[in-house]
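These notes concern the structure reproduced below.
The structure presented is a predicted model; accordingly, all values stated were derived computationally and were not measured.
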Amino acid sequence: MSELITAELVDLDLSAETKSAAARSLADRMVAAGRVTDLDGFLADVAAREAQMPTGLDGGIGIPHCRSEHVTAPTLAFGRSARGIDFGAPDGPADLIFLIAAPAGADDDHLTILSALARRLMDPRFTGALRAESDPAAAAALIRGEQGPTATGSTTGAAAAPEAAEPAVAEPDEPFRIVAVTSCPTGIAHTYMAAESLEAAARAEGVVLDVETQGSAGFERLDPAVIAAADAVIWAHDVEVRERARFGGKPVVDTGVKAGINRPAELIAEARRKAERGEISRISDDREDAGAGGPDAAAGHFGVRLRTYLMSGVSYMVPFVAAGGLLIALSFAIGGYEIASAKSVADHFVWGEADSWAALLNQIGSAAFGFLVPVLGGYIAYGMADRPALVPGFVGGAIALTIDAGFLGGLVAGLLAGAVVMAIQRVEVHPTLRGIMPVLVIPLLASAAVGFLMFIVVGKPIASLQNALTDWLNGLSGSNAVILGVVLGLMMCFDMGGPLNKVAYAFAVGGLADPTPGSLKVMAAVMAAGMVPPLALALATTVRGRLFTRTERENGRAAWVLGASFITEGAIPFAAADPLRVIPSAMAGGAVTGALSMAFGCTLRAPHGGVFVVPLIGEPFLYLLAIAAGTAVSTALVVALKGMRRAPETAASPAEGAEVAAAV
């Protein structure tokens, strides 16, 4: 087995100034060592992992990492930065950067070594020794665990973690006992660092804590007797906890993996409080039901849970929207709008005719679009009650199409299906029936109930409401259309990809399933407004770069492409760093663009694509003018608001300032 890290993979004078540059510098060493076969492909995998969640940790540590098919052997490169590099940690830049690369099919032995390193990073003696070391070979040996301090209570394998969870001082009364599960998307670093952090906090509190790390190397299940004896449960996870039902009947603190790293004492205190109040979580079929709460306990509020359910349905619907809508739009570009009435290509297809290919694309896209409402209903139900709710959710969504209840019908069908399944799950059944409940009994009963409700009770009123909404959209003109454009623009730009943004987008896409002049105007206004925030921030970083940090200026260059592609999330880094200035500015520009798009009568048949589908837009020049106007408004506001405060200390250096001034 090759060594995880060697002296050639250590850079004690890392000169990179951004996290992407740091990753490239360390990855270059991996390529030179023959550990990475494709530099750009590997860096793309690192960036994709970084996009899921920042990898900066408190204490000046950055751990960019990923699993990649371009890695030949599990490898670690270490860099030490004198100036610090921003990896998104709450306490500031990182000076110790560990780039962890694991092959797509890495063996358990190597991943165990990586997990042991991740746990040692929680020991200040270990990180202090790395900061003081001047010899790359000695630093590599220290990281390999061959010399120097080791983490208190750490072991060479994750499976041994429970031994370290004994309380430091025996107490006269029976100690409080907690079982925990930690997991992260990659399962390499955060999983084990959260485990180590929780164990250290438990020792300090005199709590007995046993951790199950569900990482890439697999997981060793906690002894059922240990779980049974526990007073409370902590889940610190960013992926689904496996075999959740084992922890039913106990107080559960459910949070993200970084909370397990950064505030373990708070989680332990919260677990104690829940146990003292006697809160019990009912967990079945590897999933919490409605009474269990959600991440960070906020999911206990109905409004937050409802938002989560709706977002689940919309997020699964969007790929169908993108694929089907763009195929339909492309068919119109090739064959014109009349291609929608072409004969079935199964009966008539001529290889050499463009119209046949256009009809083929249109009919494939229409087939994909036909799943929108069932998928919406199915995955809203899934978000509420997991797999048993999929069948009644899909059935309810399909019925919504049958009775012309449309998008609103699918939404209601999903909520009904989830509620019915959750009600059935609360019924106590004989143990011999539990095995067939999720695959037979629940889908059968819930589908019958949802079908009855949709066909007989609520379906017709919803269909009437949907038709009234369609008629209203078709009749929009003048000030009414402008007001709707303002509202949609505000919604698209308030949370930039969050719930309000998705609600506005889903409202627009729902109208494309049965397009009318009004619904096509709504789709145009929504996409135009959604392009404004990233374009405005990109322009602001170009014309007034000194008002932004170096990292923000780097993000600004990427925001040009993201904005042009209708990816509103490109503005999120700016909004997260300065929400009180960025969000109102973005909303103002979005409102202007939405209003102008509606006033100009612009239409759009494609649900996505940004500037790349401009040929498919009605009144394309006025449409681009609306986007430009909103972008200008947002840019002017964000520059003005940021200019009212003192320039950030991290702004450009004098040389960079002169360069920016010259550009302006």
Side-chain angles (χ1 to χ4, degrees), residues 17-19 51 54 56 86-93 485-505 526 528-596 626-653 656-657 659-661 663-664:
E17 296 182 349
T18 65
K19 61 183 180 181
D86 183 11
F87 274 87
D91 65 343
V486 169
V487 172
L488 291 173
L490 293 172
M491 293 176 68
M492 287 298 295
C493 299
F494 173 70
D495 51 6
M496 304 176 192
L500 276 180
N501 174 284
K502 289 294 187 291
V503 167
Y505 181 67
V526 162
M531 295 167 64
V532 166
L535 289 175
L537 271 301
L539 181 59
T541 57
T542 301
V543 300
R544 287 293 185 272
R546 65 178 181 272
L547 298 177
F548 298 87
T549 66
R550 182 177 289 105
T551 300
E552 287 175 330
R553 293 197 297 274
E554 182 178 325
N555 289 335
R557 289 192 289 272
W560 283 114
V561 177
L562 296 174
S565 303
F566 180 38
I567 301 176
T568 316
E569 289 85 348
I572 287 178
F574 301 94
D578 193 2
L580 295 180
R581 293 175 177 84
V582 171
I583 293 177
S585 302
M587 292 175 66
V592 169
T593 293
L596 289 176
I627 295 173
T631 300
V633 168
S634 287
T635 301
L637 283 175
V638 77
V639 167
L641 291 174
K642 281 182 172 288
M644 291 179 182
R645 61 169 182 150
R646 183 173 59 88
E649 295 180 2
T650 53
S653 63
E656 292 170 327
E659 181 180 337
V660 171
V664 173

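In terms of heavy atoms, Ser565 sits closest to Val561 at OG-O, 2.8 Å. In terms of heavy-atom proximity, Ala529 sits nearest to Cys493 at O-SG, 3.4 Å. Of all heavy-atom pairs spanning Ala595 and Val486, the tightest one is CB-CG2, 3.6 Å. Annotation for Val639 and Ala540: closest pair CG2-CB, 4.0 Å, computed over non-hydrogen atoms. Closest approach of Pro534 and Gly530 over heavy atoms only: CD-O, 3.9 Å.
Rounding to the nearest 0.5 Å gives a distance of 8.0 Å between OG1 of Thr631 and CE of Met531. We find the CG-OG1 distance between Leu562 and Thr568 to be 10.0 Å, quoted to the nearest 0.5 Å. Taking OG1 of Thr542 as the start and CH2 of Trp560 as the end, the distance is 5.0 Å to the nearest 0.5 Å. The structure places CZ of Phe574 at 8.0 Å from OG1 of Thr549, a figure rounded to the nearest 0.5 Å. Note: Glu552 CD to Lys642 NZ = 5.0 Å, rounded to the nearest 0.5 Å. Considering CZ of Arg546 and CZ of Phe548, their distance stands at 11.0 Å, rounded to 0.5 Å.
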Throw together a table of side-chain donor-acceptor distances under 3.5 angstrom for residues 583-594, partners on residues two or more places apart or in other chains.
{"from": "Ser585", "atom 1": "OG", "to": "Arg581", "atom 2": "O", "distance (Å)": "2.7"}
{"from": "Ser585", "atom 1": "OG", "to": "Val638", "atom 2": "N", "distance (Å)": "3.3"}
{"from": "Thr593", "atom 1": "OG1", "to": "Gly589", "atom 2": "O", "distance (Å)": "3.2"}
{"from": "Thr593", "atom 1": "OG1", "to": "Ala626", "atom 2": "O", "distance (Å)": "2.9"}
{"from": "Thr593", "atom 1": "OG1", "to": "Gly630", "atom 2": "N", "distance (Å)": "3.4"}

